[in-house]
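Encoded as structure tokens, the structure appears first; notes follow it.
All values below come from the heavy atoms of this structure, side chains included, with hydrogens, waters and symmetry mates left out. These numbers come from a predicted model, not from an experiment.
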Amino acid sequence: APPVAEPMPGGGGARVLGPTVEPREAFRPPQPRYPEQARLRGESGTVRVRLSVDATGMVTNVEVVQSSGSRDLDRAAQEHFRLFRFRPAQRDGEPVAGVAVTALTWSLNGLAANRPW
């Protein structure tokens, strides 16, 4: 099976930190491409990231909060999550910025062992 990377399942794929309501996923880009150098080195693992989402639903920052152990996989996960678009969180009926945490598991054998965080 080809190498895969999959986002964490459930609840729109992300958990929220802080007082805002969870931003809901509006656009999920296609599966990311496994970084060739990481594949050749046999690297795999889970990258946990914190997404800052502005009031328009754009991802403004992707911070690695737990590394996969591979710089290439971490960087590819950051690039992947920057492409996501969200329906913004709401407070009193108005769109507000939000923060979400999610993960991406890179697996060479085609099996993605995603874990809720």
Side-chain angles (χ1 to χ4, degrees):
V4 297
E6 293 187 8
M8 186 175 72
R15 277 191 4 201
V16 167
L17 300 176
T20 61
V21 176
E22 179 174 348
R24 286 187 277 174
E25 196 175 292
F27 170 75
R28 178 188 297 218
Q31 288 283 71
R33 177 170 228 130
Y34 213 102
E36 185 64 17
Q37 291 303 311
R39 186 186 65 75
L40 292 172
R41 289 188 299 266
E43 296 174 345
S44 62
T46 298
V47 183
R48 185 176 175 209
V49 296
R50 179 179 295 117
L51 307 176
S52 298
V53 180
D54 70 15
T56 69
M58 301 287 287
V59 175
T60 58
N61 189 46
V62 181
E63 175 189 357
V64 173
V65 294
Q66 183 176 353
S67 174
S68 66
S70 164
R71 184 176 297 172
D72 289 339
L73 296 179
D74 292 353
R75 190 173 315 138
Q78 286 178 293
E79 291 171 9
H80 175 66
F81 284 113
R82 277 189 187 97
L83 300 175
F84 275 62
R85 297 296 174 257
F86 292 85
R87 286 188 284 286
Q90 299 275 316
R91 183 178 290 142
D92 299 325
E94 295 294 321
V96 294
V99 177
V101 174
T102 190
L104 187 70
T105 298
W106 300 93
S107 176
L108 289 166
N109 64 8
L111 300 175
N114 293 298
R115 302 177 281 237
W117 296 97

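- Electrostatic pairing of R82 and E79 does not count as a salt bridge here, judged by no charged N lying under 4.0 Å from a carboxylate O.
- Sorted by first then second residue, the salt bridge (charged side-chain N to carboxylate O under 4.0 Å, His left out) pairs that include residues 57-69, not counting sequence neighbours, are R50-E63.
- In this structure N61 satisfies the side chain to side chain donor-acceptor pair (under 3.5 Å) test with no other residue, sequence neighbours excluded.
- Annotation: side chain to side chain donor-acceptor pair (under 3.5 Å) contacts of T60 (sequence neighbours excluded): none.
- Contact between L108 and S44 at its shortest, heavy atoms only, is N-CB, 4.3 Å.
- Within the 4.5 Å cutoff, no side-chain heavy atoms of P29 are placed close to those of F81.
- Here E94 pairs with nothing under the side chain to side chain donor-acceptor pair (under 3.5 Å) rule; sequence neighbours left out.
- Remark: E43 engages R41, S70 in a side chain to side chain donor-acceptor pair (under 3.5 Å) (not counting sequence neighbours).
- For the atom pair OG1 (T56) and CZ (R87), the distance works out to 14.0 Å, reported to the nearest 0.5 Å.
- For the pair V101/V49, no side-chain contact is recorded, criterion being any heavy-atom separation below 4.5 Å from C-beta on.
- Residues T105 and T46 approach most closely at OG1-OG1, 2.8 Å, considering heavy atoms.
- A donor-acceptor contact shorter than 3.5 Å is absent between the side chain of Q66 and the backbone of R48.
- In terms of heavy atoms, N109 sits closest to S107 at OD1-OG, 2.6 Å.
- Here CE of M58 is found 9.5 Å from CG of L83. Values are rounded to the nearest 0.5 Å.
- By the 4.5 Å heavy-atom criterion applied to side chains, P88 and D54 are not counted as neighbours.
- With sequence neighbours excluded, the residues that form a side chain to side chain contact (heavy atoms under 4.5 Å, CB included) with R71 are R75.
- A heavy-atom distance below 4.5 Å is found between the side chains of V47 and V64.
- Annotation for P35 and A76: closest pair CG-CB, 3.6 Å, computed over non-hydrogen atoms.
- Aromatic ring pairs are classed by plane angle as parallel below 30°, tilted from 30° to 60° and perpendicular above 60°; the pair H80 and F84 is perpendicular.
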